[in-house]
Amino acid sequence: MEVGVQKNASWWSVLKAHARTHPLMASGLLGSLLLIVALLLQSSVLLESPEQHQFVQYALLGGLACFLGTSAGAIPALLLKSIPQKLEDSMLGFAAGMMLAAAAFSLLLPGIEAGTEITGSNIAGGGLVIFGMAIGVALMMGLDHFTPHEHVQTGPCGPGNERCGRAWLFVFAIALHNLPEGMAVGVGFAQGDVSIGLPLTTAIALQDIPEGLAVALTLRAVGFAPLFSVLVACATGLLEPLGALLGVGLAGGFMLAYPIGLGLAGGAMLFVVSHEVIPETHRNGHQMLATQGLMVGFALMMILDTTLG
């Protein structure tokens, strides 16, 4: 409990006290949210065209494919209570490798190319993507800092976590993973470029399979019933189509919004991989297997980007 906050204080009071204690983090979150709202507002009129409606449909279908990947991965947990830790770390390493490659080849590099084409300058094009990355990282840092959630190894964290049931804490933790993935899919289809959106969607849907299984097994390991664990894991996958709609809205407006949106989604994904996924695979003494899985996932994404892009 933060200093100066009574034990029976409301969650809003706890949140405000937490913000006062961490002003830079709060400012970063607020600033990123305001910029995202501004991008959404400026794109709202442009998205009314029939062509943009088709891009929204592509993004929604891509998000649904990722939801199905999460659900497919979770279903085996109805019968499995656990898998060897080595296998789980390898699978999560594989997912991390695909996310890293997707961020690089399907988000950041196309963003730099688009920004350079729009501005006529390599430096300005790269600067737009870096600006987007800064927004994405600030958003994820703020959400991670101010959202109550729980991880198996590190326990509950975030202001007011003691007021939430343990199931909800796990749900919030998983949502922090799935939201940027959905946003990436939406941004990938924001200009109707299937060569960007299709490999990105394929990669994220594939890496959602081991993630879905890991989530469901984690819930089972902490004592939740098999069916409940699977349903919760599947439900968290709904953040992906919602994130896809957010992503296509962010990058579907004026021309500069596209490279900024690609950078934003790429930065958010890089944050999740570095801050959550890779550390999780290195906590159990299986770093080499996790790294090997990451390399395989990275290589597979490169192949997908070449063949589908």
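Under the 4.5 Å side-chain criterion, counting only non-hydrogen atoms from C-beta, Gln292 is not in contact with Val296. At a threshold of 4.5 Å between non-hydrogen side-chain atoms, the residues Leu262 and Leu108 do not count as touching. Val232 places none of its side-chain heavy atoms less than 4.5 Å from the side chain of Phe224.
For the pair Arg220 (side chain) and Ala77 (backbone), a donor-acceptor distance under 3.5 Å is present. No donor-acceptor distance shorter than 3.5 angstrom exists from the side chain of Glu181 to the backbone of Ala205, with no hydrogens or angles considered. Side chain of His286 to main chain of His282: no donor-acceptor pair is present (N/O by atom type, distance under 3.5 Å, no hydrogens or angles). Put simply, the side chain of Thr281 gets close to the backbone of Ile278: a donor and an acceptor are under 3.5 Å apart. Counting only distance, with no hydrogens or angles, the side chain of Ser274 and the backbone of Leu270 share no donor-acceptor pair below 3.5 Å.
Between Leu219 and Ala233, the closest heavy-atom pair is CD1-N, 4.4 Å. The minimum heavy-atom distance between Gln207 and Ala95, with the atom names listed, is OE1-CB, 3.5 Å. Of all heavy-atom pairs between Asp305 and Pro199, the closest is CA-CB, 3.9 Å. When all heavy atoms are compared, the tightest approach of Ala114 to Tyr258 is CB-CD2, 3.8 Å. Nearest heavy atom pair, residue Leu139 against residue Ser32, reads CA-OG, 3.4 Å. Nearest heavy-atom pair across Cys66 and Val185 is SG-CG2, 3.9 Å.
In this structure, the separation between NZ on Lys86 and CG on Leu289 is 6.5 Å, given to the nearest 0.5 Å. From Asp208, atom CG reaches atom OG1 of Thr201 across 10.5 Å, with rounding to the nearest 0.5 Å.
Shown here is Gln287, whose CD atom has more than 12 heavy atoms of other residues, nucleotides or ligands within 6.0 Å. Counting heavy atoms of neighbouring residues, nucleotides and ligands inside a 6.0 Å radius, atom CZ of Phe94 exceeds 12 of them.
Here the two rings, on Phe298 and Phe105, have centers that are under 6.0 Å apart.
Defined by atom type and a distance below 3.5 Å, a donor-acceptor pair is missing between the side-chain atoms of Asn178 and Thr70.
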Side chain to side chain contact (heavy atoms under 4.5 Å, CB included), that's the test. Do Val248 and Val187 meet it? Break it down for me. CA-CA 5 Å; Val248 75; Val187 171; over 6 Å; no
